[in-house]
Amino acid sequence: MSRIRLNEPLLLAALIVLVLSAPLFRLDGYLLKLFTLTGINCIVVLGLALLFGYAGQVSMGHAAFLGIGAYVFAILTTRHSVSWGVAMLAAMTAAALAGLLLALPALRLSGHYLAMATLGFGELVSFAFTEAEPITGGVSGIIGIPAPQIGPFAVDTPEAAYWLIWITVALVTALLLFVRRSAFGRALRAVRMSEPGAIAAGVNVTLIKVIAFVASAGIAGIAGGLFAGTMRYISPSDFSVALSVTILAMTAIGGHDSLLGPIVSAIVIGLLPSIDALIPGLSREFSQYVQSYQADVYGVALILIVIFLPGGFGSLRMRRRGRSA
Amino acid sequence: MTDLAQLLVLGLKSGAVYALVALGFTLIHSATGAINFAQGEFFMLGGVLATAFTTAGVSLLPAVVYAVVLTGAIGVVMELLAVRPLGDGNPLRIVLSSIGCSVLLKQIALHLYGPDERPLAPFSPGPSIRMLGVAFERQALWLWGLTALSLVLFALLFRYTMLGRALRAVAMDRDAARLSGIDARLMVTMIFGVAAALSALAGAAVTPMTQTAWDVGTRIGVKGFAGAILGGISSPATAVAGGLLLGILETLTAGLIDPLFKDMVALVVLLAVLVFRPAGLFASARKDRV
């Protein structure tokens with residue numbers, strides 16, 4: 001098993017170096033923005049990988065935590081001229097607190113109740129974003145969100161935004177790799193594999209699940225703050241319930257216990273609707289066709305994965321190596 | 001006083017819908033140990049297919065019947081293709097698979113019938129009927145009638161027929177049922193069909209009052225589930241009672257406090273019940289399956 005553990009971080013590092021060097025190839029602004037958005041999705045998916053992939057709990061409300069982070073960041077920076085770092089901290093804290101409010105009651109029982117509660121929460125939050133117009137700007141959202149200012153550097157170019165996002169992806173990945181090797185990571189895996197077994201081994205299952213959920217929501221909150229700071233404009237449609245389901249599908253297709261799987265699946269599924277911008281020669285019509293069938297693709301993929309490859313794509317590589325070792 | 005009565009009537013209208021959806025959740029939960037996240041889509045399909053059949057020239061009542069039967073068949077197909085292959089292992093896999101099915105059913109409805117809201121004619125046209133100062137929409141009477149009829153039929157089937165006993169046996173203990181010679185897998189398939197048809201009936205009967213669209217399923221799914229939890233998900237009767245009660249709580253909140261909070265009720269109820277009385281309000285002391 002030790003060989004397997006060594007390999008994923010290497011692959012991840014290679015992937016992230018590759019991704020970080022992309023702006024050096026002088027991509028146009030549209031592609032950079034697209035890849036920046038994909039990076040934000042990766043952060044949310046990584047957060048969910050902690051909850052689903054490590055601890056085996058389902059959330060169908062991660063777009064809501066993303067949205068809470070984004071709105072808190074946007075409101076604090078535009079109306080109260082709070083500094084970037086403080087607003088980011090507030091975005092993370094708000095999302096984590098919302099996660100705590102949901103998880104504390106719902107996780108006393110089976111994780112399925114949490115899944116349903118997060119779904120209802122997601123509906124409610126997206127309703128609130130639209131209806132609480134004095135606070136959220138209603139359907140038109142919030143515009144003119146200031147760019148993050150890191151020391152002397154303003155993150156106000158597409159390249160800078162891209163780097164900020166993907167460096168964060170790298171940091172979150174590193175954090176999760178560290179978590180996986182820690183006692184907390186082992187407890188999470190124990191909870192996923194067998195709750196009675198975990199209880200017997202002295203793991204406080206409810207506490208572990210609540211921590212995982214709150215951390216996962218907090219990571220989504222960070223992604224939300226980054227979304228607001230790099231896109232500079234947010235509206236309720238950015239945080240729909242459909243996005244929550246997409247994020248969950250990306251994570252589940254990516255697989256248990258894996259970070260590379262969820263990242264790759266977030267990139268592939270996320271870029272699918274913009275396939276014409278990536279592969280020269282494809283028409284816009286074809287791309288629109290793909291776009292309208294994107295959900296079908298991950299819906300079917302999710303069902304097939306659950307049936308034929310319950311560990312997700314992330315388990316493929318490990319399984320093969322596990323056998324040869 | 002009549003205002004309050006009117007609110008109760010309104011509440012029982014959405015309550016009847018939640019009750020039928022809640023019953024679907026309970027049936028599948030007791031048969032598989034999992035929550036079916038595609039339950040709300042069956043509700044959506046009932047309404048959307050009924051409108052599709054009437055648009056195609058089928059007259060109203062046959063269209064409703066076709067929609068309910070077809071949705072039941074879709075439930076059966078879903079079980080055969082996406083649930084049965086999972087075996088009876090981890091319920092989490094059924095949850096994920098049903099989420100995939102929910103996405104897919106929504107997309108199919110969207111591709112076939114487009115994103116617009118779709119109306120359906122009332123089953124019997126005419127103004128509301130006034131009794132004791134309270135207005136009853138004719139369509140609401142249809143909804144209650146059909147809900148009551150299907151609940152009675154369901155109870156008779158469940159209690160007194162051989163098939164019903166087999167279904168109950170599987171819901172209680174799958175392995176024991178199998179040991180006594182019941183084809184448990186067939187029963188689970190049938191339960192999916194029945195659960196789908198019940199939700200579809202609610203969807204078709206409520207559409208003349210609300211219209212329908214490809215994306216209405218999620219919200220109704222959450223509310224139906226909240227109703228099931230409120231009453232107690234371990235038995236069909238308590239789940240139905242919970243669904244009705246949730247409808248009343250919603251309209252009371254909307255009427256007495258603020259309509260803005262109406263959609264919050266289901267989530268608050270869901271979380272509050274999980275904290276204070278996870279077995280549900282009406283459940284007896286015995287704690288099974290929770």
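Hydrogens, waters and symmetry mates are skipped; everything else that's a heavy atom, side chains included, is used.
Interface residue Ala115(A): backbone and side-chain heavy atoms are both found under 4.5 Å from chain B. Contact annotation for Ile35(B): both backbone and side-chain heavy atoms come within less than 4.5 Å of a heavy atom of chain A. Within the 4.5 angstrom heavy-atom criterion, atoms from both the backbone and the side chain of Leu271(B) approach chain A. With a threshold of 4.5 angstrom between heavy atoms, Leu267(B) approaches chain A through side-chain atoms but not through N, CA, C or O. Of the atoms belonging to Leu81(B), it is backbone heavy atoms, and not side-chain ones, that fall under 4.5 Å from chain A.
At a threshold of 4.5 Å between non-hydrogen side-chain atoms, the residues Met116(A) and Phe25(B) count as touching. Looking at Ile233(B) and Tyr113(A), their side chains come closer than 4.5 Å, going by heavy atoms from C-beta outward. The shortest side-chain heavy-atom distance between Leu302(A) and Val103(B) does not fall under the 4.5 Å cut-off. Using a 4.5 Å heavy-atom threshold, the side chains of Val222(B) and Phe121(A) count as separate.
Among Thr246(A), Asp296(A), Leu124(A), Leu102(A), the residue making the largest number of heavy-atom pairs under 4.5 Å with chain B is Asp296(A). Interface check for chain B: of the options Ser292(A), Ala128(A), Ala242(A), Ala249(A), the most heavy-atom pairs under 4.5 Å are formed by Ser292(A). No other option in Gly100(B), Ala272(B), Gly221(B) has as many heavy-atom pairs under 4.5 Å with chain A as Gly100(B). For the options Lys106(B), Met264(B), Lys223(B), His111(B), heavy-atom pairs under 4.5 Å to chain A are most numerous at His111(B).
Taken to the nearest 0.5 Å, the CD1 atom of Ile94(B) stands 8.5 Å off from the NE2 atom of His112(A). In this structure, CZ on Arg192(A) lies 9.5 Å from CG on Leu92(B), to the nearest 0.5 angstrom. Going from atom CZ of Phe225(B) over to atom CG of Leu119(A) covers 10.5 Å, rounded to the nearest 0.5 Å.
Shortest non-hydrogen contact noted between Ala82(B) and Ile303(A) is CB-CG2, 3.8 Å. The nearest pair of heavy atoms linking Arg93(B) to Ile307(A) is NH2-O, 3.5 Å.
Judged by distance alone, with hydrogens and angles left aside, the side-chain atoms of Gln107(B) form no donor-acceptor pair with the main-chain N or O of Gly299(A) at under 3.5 Å.
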Run Leu96(B) and Phe52(A) through side-chain contact (heavy atoms from CB on, under 4.5 Å) and show every step you take. CA-CA 11 Å; Leu96(B) 287 174; Phe52(A) 173 81; 3.6 Å; yes

